[in-house]
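Every chain is numbered from 1 and lettered A, B, ... according to where its sequence line falls, protein lines coming before strand lines.
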Amino acid sequence: MSIGYACLHIGSSDTKIKTVRLKDANEANLLKSSRFNLNALENILRYNVDNNIKLFRISSDIIPLASHESNELRWWEILKPELINLGQFAKNNELRLSMHPGQYTVINSPYEDVVKRAIDDLKYHQRFLDSIEMPLEAKIVLHIGGMYGNKTEAMKRFIKSYKGLGEDIKNRLVIENDDKIFNAEDVLRIYNETGAPVVFDVLHDMVNPSNENKDTYEWIKVFEGTWKDIDGKQKIHYSESKNQNEKRSHSEYIKSESFLSFYSNLKNKDIDIMLEVKDKNLSAVKCGNLIKKDLKAADLEKEWGKYKYYVLSKDANTYKDIRELLKNKDKPNSMGFYELIEKAFNMDTKQGNDINTIQHIWGYFKDLATLDETETFNKKMERYKSMKATNRPVKEYMLKLSEKYDVSYLRNSLYFYI
DNA sequence: TGACGTCAAGATCCG
DNA sequence: CGGATCTTGACGTCA
């Protein structure tokens, strides 16, 4: 069982992915951004290894405008050393990587040029995974596409397009039930015609269920059979609704309680779960710890190191409660820990708590910072206190300083990032 | 024609 | 000038 997250990362420096505008899409710019992004990806993967995250979806923006006609960059040749290096790191650490073209990559369109561009896009994704020499268990997840007024015909066109794809693409392609049109039953039918393994999306099935009387866990069992040995372990997508009114939107974080309940109901636990959630790696690490059999007190303490100032900025009592909970070293209580984190998450920030936290953090810099830096900090602080600015500039400045002075304890503090 | 979704980049506005 | 916020972009479908 691996738990993973998608595309973006929170809480480490140099992990942001750059995008390029069409008007800026010259060779030099595209190369620069591509190289920058590969470095970001490496940093993300290093974090993942450090935090026992074995599953990750690479952003389609990793090579900006990759399948656009304006990009003629032969990135797979120019950046070969970086790509090989990246792939080697992933292989050494047994990471399972994937990609997922968005809703605009549609191979069942009645429009020839749309299909052609979609296939070019699939080709790009396949080429990227090939370039980093990933085995075939590194998949490309694709939606079925549009309906165009006739679902049966739309499915037929998907199957026809699929069959015309090159083997190198088909070897990596897996399909997913979506939240509007093609439900679990539909993709099962398409599987029967194509043999493409199915990524079952739990939330999509909730908002777009099929007529068949099957629950989440029964569907997962059904789709297990679509994954052959060469495809690797069965993969599913798990996410939660943002709220009652926005059921299709992904939640800010995965709720400890609901995830554990979901996990306990899984018939086969030897399955890879891709989380789709706004707080990305934070929930992935959380869910990993929640189900970890030999969870150590040190695992939670590591997490606490990242969260503590964030929690303190919200509420001193919750901060104390967590410290108290962590004193139990024999039986680390991950559920209790993360529920308190979630509690803090849902609180509004009071300026008094926040300023207290900032002063606490500033303690690390008191003796390190130059006079100029102290003055800059004080100035930003004054603007915050007098409500002329938010705490954003203060946070960003302290993060900068913690990088400059390499205060490792602070550098990865989530207080700076959320 | 604009909403949809996603995020960063760029533009613009404010004090 | 620093900082906040609004707009645009890149994609295809659908009402």
A.B. asks: Quick one: is A:Arg392 getting a side-chain N or O under 4.0 Å of the C:dA4 phosphate, OP1 or OP2?
C.D. replies: no
A.B. asks: Is there a donor and acceptor pair, one atom on the side chain of A:Tyr104 and one on the base of B:dG5, closer than 3.5 Å?
C.D. replies: yes
A.B. asks: Just the rounded figure in Å: distance from P of C:dC11 to CD1 of A:Ile107.
C.D. replies: 19 Å
A.B. asks: Looking at the side chain of A:Arg21, which of B:dT6, C:dG9, C:dG12 is the nearest nucleotide?
C.D. replies: C:dG9
A.B. asks: In whole angstroms, how far is the C1' atom of C:dT13 from the NZ atom of A:Lys151?
C.D. replies: 16 Å
A.B. asks: Verify the neighbour count for atom NZ of A:Lys16: are there more than 12 heavy atoms of other residues, nucleotides or ligands below 6.0 Å?
C.D. replies: no
A.B. asks: At under 4.0 Å, does any side-chain N or O of A:Thr19 touch on OP1 or OP2 of C:dA10?
C.D. replies: no
A.B. asks: Return the nearest nucleotide to the side chain of A:Tyr148; candidates are C:dA10, C:dC14, B:dT6.
C.D. replies: C:dC14
A.B. asks: Is the number of heavy atoms from other residues, nucleotides or ligands under 6.0 Å of A:Asp348 CG greater than 12?
C.D. replies: no
A.B. asks: Quick one: is the NZ or CZ of A:Lys267 closer than 6.0 Å to the six-membered ring centre of A:Tyr217, and within 45° of its axis?
C.D. replies: no
A.B. asks: Closest nucleotide of DNA chain B for A:Lys16 versus for A:Arg383: which of these residues is on the 5' side?
C.D. replies: A:Lys16
A.B. asks: Between P on B:dA3 and CZ on A:Arg248, what's the gap in Å once rounded to a whole number?
C.D. replies: 18 Å
A.B. asks: If you check every side-chain atom of A:Val114, which of C:dA4, C:dT13, C:dC14 has the closest atom?
C.D. replies: C:dT13
A.B. asks: Check whether the side chains of A:Asn412 and A:Tyr417 place a donor and an acceptor atom closer than 3.5 Å, and report yes or no.
C.D. replies: no
A.B. asks: Measure the distance from CD on A:Gln103 to C1' on B:dT6 and round it to the nearest whole Å.
C.D. replies: 8 Å
A.B. asks: Taking the basic N atoms (NZ, or NE/NH1/NH2) and the acidic carboxylate oxygens, is any pair closer than 4.0 Å for A:Lys255 and A:Glu342?
C.D. replies: no
A.B. asks: To the nearest Å, how far apart are A:Lys180 NZ and C:dG12 C1'?
C.D. replies: 13 Å
A.B. asks: Using a heavy-atom cut-off of 4.0 Å across all strands, would you classify A:Lys380 as base, sugar-phosphate, or nothing?
C.D. replies: sugar-phosphate
A.B. asks: Using a 4.0 Å heavy-atom cut-off, does A:Gly146 contact any base of the nucleic acid, only the sugar-phosphate backbone, or nothing at all?
C.D. replies: sugar-phosphate
A.B. asks: Once you apply a heavy-atom cut-off of 4.0 Å, does A:Asp24 come out as touching a base, just sugar-phosphate, or nothing?
C.D. replies: sugar-phosphate
A.B. asks: Which whole-number value in Å describes the distance from A:Asp120 CG to C:dG12 P?
C.D. replies: 11 Å
A.B. asks: Is the shortest distance from a Lys or Arg side-chain nitrogen in A:Glu218 or A:Lys221 to a carboxylate oxygen in the other one below 4.0 Å?
C.D. replies: no
A.B. asks: Of the nucleotides C:dA10, B:dA8, C:dA4, which has the atom closest to the A:Ala389 side chain?
C.D. replies: C:dA4
A.B. asks: Please report, rounded to the nearest Å, how far the C1' atom of C:dG3 is from the CE atom of A:Met387.
C.D. replies: 15 Å
A.B. asks: Specify the separation, in whole Å, of atom NZ of A:Lys116 and atom C1' of C:dC11.
C.D. replies: 15 Å
A.B. asks: By nearest nucleotide on DNA chain C, pick out whichever of A:Val394 and A:Tyr111 is the more 5' one.
C.D. replies: A:Val394
A.B. asks: Please tell me which of A:Lys18 and A:Lys388 maps to the more 5' nucleotide of DNA chain B, matching each residue to the nucleotide holding its nearest heavy atom.
C.D. replies: A:Lys18
A.B. asks: Does OP1 or OP2 of C:dG12 have a side-chain N or O of A:Thr105 closer than 4.0 Å?
C.D. replies: no
A.B. asks: Could you check A:Leu65 against A:Ser109 and say which one's nearest nucleotide on DNA chain C is further toward the 5' end?
C.D. replies: A:Leu65
A.B. asks: OP1 or OP2 of C:dA10 less than 4.0 angstrom from a side-chain nitrogen or oxygen of A:His68, does that happen here?
C.D. replies: no
